[in-house]
Undergrad: 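Handing you a structure now.
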Amino acid sequence: MDNHFDAIIIGAGPAGLTAGIYLSRARLRTLILNENTIGGQLVLTHEIANYPGVESISGYQLGNIMKKQAKSFGCEIKSNIKIKDMDLQSDVKSVILSDGTTYTANGIVLSPGGRPRNLGVKGEDTFKGKGVSYCATCDGDFFTGKEIVVVGGGNSALEEAVSLTKYATKVTIVHQFDNFQAFEYAVEEAKNNPKINFIMESMIEEFIGNEKLESVDVINLKTGMINNVKTDGVFIFIGYLPNSDFLKDTIKLNNSGEILVNAEMATNIKGVYAAGDSIAKKYRQVTTAVGEGTIAALALSNYLHEEKTKKKRDEDKNMNRLAELIDNSKEYK
Amino acid sequence: MLTTNLEHLLKADEHAKAIKENENVMVCCGRMGPMCIPVYGIMEELQEEGNYKHVKFYDMEFDNPESHVIRNLPEVRNFMGIPFTIYYKNGKVVEATSSIQTKDKITGILDKVFAVTEKA
């Protein structure tokens, strides 16, 4: 029964690692299965200055400490795996990986986190790193003296567009709606910047180039007209998506694909809890993820204890009944 | 300063020594940013897992002037996104990628360019 655990955690971001620390410290055999980088979105944060008890630390270092802490309590971590199938409904839950390995557990914590949203159009992947970027701080300086496009209409898109004017000669914001979702101050700052212009109610339909990006086809969503825009680079800031695709036929999700949980982080399935950026909530912070991971782990520990007690009580009841039957049969003799 | 658990190449001559003394070398040249960290993470995991013992994994800070040895490679002339990840076999560049990569893509490259062939 090497592949059977008390608890399996899907995802090793702050929520999953915290759940791992609590569950393994409670002497429950715990396995974390993780598809991407350990630490999740946390490790991508350059500096974390609002994590209580730590004045300033890089997300990468904090993620590494959490991982070490979880391992020190005996938590097993398997990373960069791919989940092929899951059975969450049965009392003993199972997770099947793409390499065929099956792990089972009495309880599950789902903390698969989120990822930046891609446009998902032709050429996006081909020109990634050759004109298509998702990080202004990382790649902005490659576009010094060049003309670029920014896609999106939220705070990140508008703030990054303004910051990219430090390098680019012209920044064109392409947004699918006729108004912005960003805060008023960010919209105002972008509108007042002479280097920024706007293409509204439009979307990029294709990235075009040879060895690197040369232009994009932009479709006007109202008229259907396609306009070819020459550009050296495109920065995409269109929000985050929960990593819940693999759960859509299993767990109750909302319209945005976020996992629905109650105050104990319990999902609609008995013995399955969820925490972190993939659940339906308003605030997405390392501290909130850690708090949810804690609640999910404690609630799951309690569930496992109750299930064990119930099982023991049922077994005792059955033994007593059997003893009674034996006694009765003796009386008949 | 890169705060990864990989071996850092700080000088151009360290880079030259690394690719001269090791048959298969992967160097990730980036910053501590959102496109680079996942690549460092994957390299650390591959190193820990031990399935690529025939490959030496290093990182190098993109803004370190000494990393001109990577920034000036002809193979990266069209690159416009960090990290620049370079794969060397016997000191020669055999593959180079720009920006974030998945583990599948990285292991795909490692298996292709550093394939272990059984000696007859």
Side-chain angles (χ1 to χ4, degrees), chain A residues 12 34-47 57-64 67-68 71 77-82 98 115-116 118 124-144 146 148 167 209-214 232-235, chain B residues 1-6 8 28-52 59 61-63 67 70-71 73-86 95-111:
Chain A
N34 187 53
E35 289 210 352
N36 300 304
T37 319
I38 292 177
Q41 299 289 313
L42 162 73
V43 299
L44 308 181
T45 311
H46 177 63
E47 187 196 3
I57 191 165
S58 77
Y60 196 79
Q61 285 171 310
L62 187 57
N64 263 318
K67 174 182 148 186
K68 262 191 210 159
K71 280 188 164 178
I77 303 178
K78 299 209 179 293
S79 200
N80 285 300
I81 52 89
K82 277 217 159 48
S98 58
R115 63 184 186 279
N118 290 345
E124 184 177 4
D125 205 42
T126 314
F127 295 109
K128 187 179 73 182
K130 292 174 183 171
V132 176
S133 176
Y134 304 87
C135 176
T137 346
C138 311
D139 303 333
D141 54 353
F142 290 110
F143 298 89
T144 304
K146 297 183 189 269
I148 59 166
Y167 311 105
N210 286 306
E211 285 192 331
K212 57 181 178 173
L213 183 71
E214 287 162 14
D232 298 294
V234 175
F235 285 79
Chain B
M1 175 72 185
L2 299 178
T3 52
T4 71
N5 299 313
L6 294 167
H8 311 308
C28 182
C29 183
R31 301 180 177 123
M32 290 309 290
M35 298 294 120
C36 308
I37 286 170
V39 181
Y40 304 138
I42 292 164
M43 291 167 75
E44 284 184 20
E45 308 251 328
L46 292 173
Q47 202 168 249
E48 256 179 60
E49 286 165 12
N51 294 333
Y52 291 92
D59 63 29
E61 195 175 11
F62 194 82
D63 298 310
S67 73
I70 284 177
R71 281 186 274 110
L73 285 169
E75 289 83 357
V76 307
R77 75 177 181 280
N78 288 321
F79 285 7
M80 296 176 104
I82 54 169
F84 292 0
T85 308
I86 317 296
E95 183 63 270
T97 62
S98 173
S99 194
I100 190 169
Q101 304 294 320
T102 61
K103 188 180 183 185
D104 280 351
K105 281 200 177 166
I106 291 173
T107 52
I109 294 171
L110 292 175
D111 292 342

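Order of the sequence lines fixes the chain letters, A, B, ..., with proteins taken first and strands second; residue numbering starts at 1 for each chain.
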Undergrad: Counting only non-hydrogen atoms closer than 4.5 Å, does A:Phe127 touch chain B with its backbone (N, CA, C, O), its side chain (CB onward), both, or neither?
TA: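 When you check distances to chain B, no heavy atom of A:Phe127 falls under 4.5 Å.
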
Undergrad: Against chain A, label B:Phe62 side chain, backbone, both or neither, depending on which of its atoms sit under 4.5 Å from a heavy atom there.
TA: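 B:Phe62 touches chain A through side-chain heavy atoms alone.
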
Undergrad: Looking at A:Thr37, A:Val132, A:Asp139, which has the largest count of heavy-atom pairs under 4.5 Å with chain B?
TA: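 The answer is A:Asp139.
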
Undergrad: For A:Lys146, is it the side chain, the backbone, both, or neither that has a heavy atom closer than 4.5 Å to a heavy atom of chain B?
TA: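 A:Lys146 touches chain B through side-chain heavy atoms alone.
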
Undergrad: How close do A:Cys138 and B:Arg31 get, counting heavy atoms only, and between which atoms?
TA: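 Smallest heavy-atom distance, with atoms named: O-NH1, 2.7 Å.
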
Undergrad: What part of A:Thr137 lies closer than 4.5 angstrom to a heavy atom of chain B: side chain, backbone, both or neither?
TA: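 Backbone of A:Thr137 only, per the 4.5 Å heavy-atom cut-off to chain B.
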
Undergrad: Looking at side-chain heavy atoms only, is the closest gap between A:Phe142 and B:Phe79 below 4.5 Å?
TA: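 No, their side chains stay 4.5 Å or more apart.
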
Undergrad: Please enumerate all residues that pass salt bridge (Lys or Arg N to Asp or Glu O under 4.0 Å) together with B:Glu48, with sequence neighbours excluded.
TA: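 Residues passing salt bridge (Lys or Arg N to Asp or Glu O under 4.0 Å) with B:Glu48: A:Lys67, A:Lys71.
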
Undergrad: Flag the pair B:Lys105 and A:Asp125 as a salt bridge only when some basic side-chain nitrogen lies within less than 4.0 angstrom of an acidic carboxylate oxygen.
TA: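 So B:Lys105 pairs with A:Asp125 through a salt bridge.
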
Undergrad: Hey, what do you get for CD (B:Glu49) to CG (A:Asn80), rounding to the nearest 0.5 Å?
TA: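 Here the interatomic distance stands at 7.0 Å.
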
Undergrad: For the residue pair A:Gln61 and B:Thr3, confirm or rule out a side-chain donor-acceptor distance under 3.5 Å.
TA: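 On atom types as modelled, these side chains do not qualify, holding no pair under 3.5 Å.
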
Undergrad: I'd like to verify something: which residue of A:Lys212, A:Glu35, A:Gln41 has the highest number of heavy-atom pairs under 4.5 Å with chain B?
TA: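 The residue among A:Lys212, A:Glu35, A:Gln41 with the greatest pair count is A:Lys212.
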
Undergrad: Quick check: closest heavy atoms across B:Ser99 and A:Gly129, and the distance to 0.1 Å?
TA: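 For B:Ser99 versus A:Gly129, the nearest heavy atoms are CB-CA, 3.6 Å.
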
Undergrad: Find the distance between CD1 (A:Ile81) and NZ (B:Lys103) and round it off to the nearest 0.5 Å.
TA: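 Rounded to the nearest 0.5 Å, the CD1-NZ separation comes to 9.5 Å.
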
Undergrad: To the nearest 0.5 Å, what is the distance between OG on A:Ser133 and CE on B:Met80?
TA: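 Here the interatomic distance stands at 10.0 Å.
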
Undergrad: Taking A:Glu211 first and then B:Arg77, would you say they form a salt bridge - that is, a charged N and a carboxylate O separated by under 4.0 Å?
TA: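 Salt bridge flag = yes for B:Arg77 with A:Glu211.
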
Undergrad: For each of B:Thr102, B:Thr107, B:Ile100, tally heavy-atom pairs with chain A at distances under 4.5 Å, and name the one with the top tally.
TA: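 Between B:Thr102, B:Thr107, B:Ile100, the count favours B:Ile100.
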
Undergrad: Specify the closest pair of heavy atoms between A:Ser79 and B:Glu45, including all atoms of both residues, with the distance to one decimal.
TA: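 Nearest pair, atom of A:Ser79 first, then B:Glu45: CB-OE1, 2.7 Å.
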
Undergrad: Go through the atoms of B:Thr4 and report whether side chain, backbone, both or neither lie under 4.5 Å from a heavy atom of chain A.
TA: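 It is both, since atoms from each part get that close.
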
